[in-house]
A.B. asks: 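Could you have a look at this structure, given as structure tokens, before my questions?
Chain A is the first sequence line, chain B the second, and so forth, proteins listed ahead of strands; every chain is numbered from 1.
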Number of protein chains: 2
Amino acid sequence: MPPTPPARSRRRTGRPRSAEADRAILDATRAALVELGFAGLTLGDVAARAGVAKTTLYRRWAGKNELVVDTLAALFEEQLELPDRGSLHADIEGVVLRFAGLLDRPETRTALMAVVAEAGHDEALRDRIREAIVDRQKHLVLLGRARAQRRGEMPGDDGTADPARDDLIFDVVAGTVLHRVMVSSEPVDREWADRLARLLVGGLTANPGC
Amino acid sequence: MPPTPPARSRRRTGRPRSAEADRAILDATRAALVELGFAGLTLGDVAARAGVAKTTLYRRWAGKNELVVDTLAALFEEQLELPDRGSLHADIEGVVLRFAGLLDRPETRTALMAVVAEAGHDEALRDRIREAIVDRQKHLVLLGRARAQRRGEMPGDDGTADPARDDLIFDVVAGTVLHRVMVSSEPVDREWADRLARLLVGGLTANPGC
DNA sequence: GCAGTTACGCTACGACTCGTAGCGAAACCG
DNA sequence: CGGTTTCGCTACGAGTCGTAGCGTAACTGC
């Protein structure tokens, strides 16, 4: 995940950018988020932690928002997956617990909501979040839904794709967990995940048409 | 909604605080949020817009977060209610559309997620959000659920309260809408609200035990 | 090798925001 | 009227911002 694409087209001449610096900066950002939170994070501080000049940081990222989005994307990259647990219910329960675990980290807590807030009036940032984070999560929904259809767990389903339903499932799963953890400030345990999964599976089978 | 309670106990002596200044400050904050977003908002700017000295602002609010939370609370106070539409499905659809309308305002979009992000590492702020915003929304869920039970729309329900289920419904409704609007950046129209309501009602009736 | 190109660390800069302090005037109470 | 609190105003040191300029380091193509 290159932080900022090398300006225009590929550059084959000149001193190459230090990949080590990239890692150091992202790690430093993560640590700074944990200690200071998003609002308290300063690029000067990150540069100092990373052992890098502040100018180096500005050469790669446009500002705090972009840096934090890339840091978040790396975190999601590490954590999100959807192992096949044999049933739609179990798959949902699994991804819910995984996502909740991600939201338990202090760096995710403070950073995710903050960049989403900033994206509310920054189209470019919104696109960056979409491709770096959202699309990756949504892919898990498509995967889980396809598995369920293959297993025959969706009665009355003709097997064709229904993007609107996929979007709804995505928003229900991710949104409910996000709200539970970030807004209601209550824990997500196996029992709660089971309850949410049952509610969702029940609703899907009760509405075969959609 | 007094911004900051007058220090300790009531003061009956001295010059009283200007209620007009309160209104001017909250209005100015709202306008500044629309134009600049949460990150770009500065208290000096708010004071200038409100025609108030910066020191006056600091006498009442501890900082940006607290000011914005109170501004948000006033917005929610204006907008949230739950008229009886005759059925659980219609009630859910109604509150979903209302909440989505609130999230369409630029000041809500940028401010709500930002203060939630800050609350991730600020206990006092979290409590303030809870009582000023969250509890008020949750009350609507309790009201809607009680109505549905009175109508006999919850088969297999013994009529007793199940706080865990209420919390789940709350997180599903508020979280799904929040995620749809803020993260997925897609509109909430009547059709989508209907679909979510059907999913939820279906899930609740399919799981009588909970 | 050498010239060309790009990234690096470092320093310094003006502009801005922060939160606080000190002042005299204004507004309310007994 | 004296006591008390808030008001607007000004000023302040501290911290951050994002950029510019410099000399050096690293890599490519001739």
A.B. asks: Rounded to whole angstroms, how far apart are CZ on R59(A) and C1' on dG18(D)?
C.D. replies: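 The distance from CZ of R59(A) to C1' of dG18(D) comes to 13 Å, rounded to the nearest Å.
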
A.B. asks: To the nearest Å, give me how far apart CD1 (I25(A)) and C1' (dA7(C)) are.
C.D. replies: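 Whole-Å distance recorded here is 12 Å.
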
A.B. asks: Charged N to carboxylate O below 4.0 Å: is that the case for D167(B) and K138(B)?
C.D. replies: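 K138(B) and D167(B): salt-bridged.
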
A.B. asks: Using 4.0 Å as the upper bound for N to carboxylate O, is an ion pair formed by D45(A) and R49(A)?
C.D. replies: yes

A.B. asks: Is it true that D171(B) and T176(A) share a donor-acceptor pair across their side chains at a distance under 3.5 Å?
C.D. replies: no

A.B. asks: Between D22(A) and R17(A) (salt bridge meaning N to carboxylate O under 4.0 Å), is one present in this structure?
C.D. replies: no

A.B. asks: Give the residues of residues 41-56 of chain B touching DNA chain C, defined as any heavy atom closer than 4.0 Å, sorted by residue number.
C.D. replies: T42(B), L43(B), G44(B), K54(B), T55(B)

A.B. asks: How many whole angstroms separate atom CD of E20(A) from atom P of dA25(D)?
C.D. replies: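 Whole-Å distance recorded here is 17 Å.
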
A.B. asks: Rounding to a whole Å, what distance do you find between L36(A):CG and dT16(D):C1'?
C.D. replies: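 Rounded to whole Å, this separation is 13 Å.
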
A.B. asks: Please give, in whole Å, the distance from dG18(D) C1' to N65(A) CG?
C.D. replies: 15 Å

A.B. asks: So, are D122(A) and R126(A) salt-bridged, with charged N and O less than 4.0 Å apart?
C.D. replies: no

A.B. asks: What about R15(B): does its side chain form a donor-acceptor pair under 3.5 Å with the base of dA26(C)?
C.D. replies: yes

A.B. asks: Specify the separation, in whole Å, of atom NZ of K64(A) and atom P of dC17(D).
C.D. replies: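 One finds 7 Å between P of dC17(D) and NZ of K64(A), rounded.
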
A.B. asks: How many whole angstroms separate atom CG of L57(B) from atom P of dT17(C)?
C.D. replies: 15 Å

A.B. asks: Between D70(B) and R128(B), does at least one N-O distance fall below 4.0 Å, as a salt bridge requires?
C.D. replies: yes

A.B. asks: Rounded to whole Å, how long is the line connecting atom OH of Y58(B) with atom P of dT6(D)?
C.D. replies: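 Value for this atom pair: 18 Å.
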
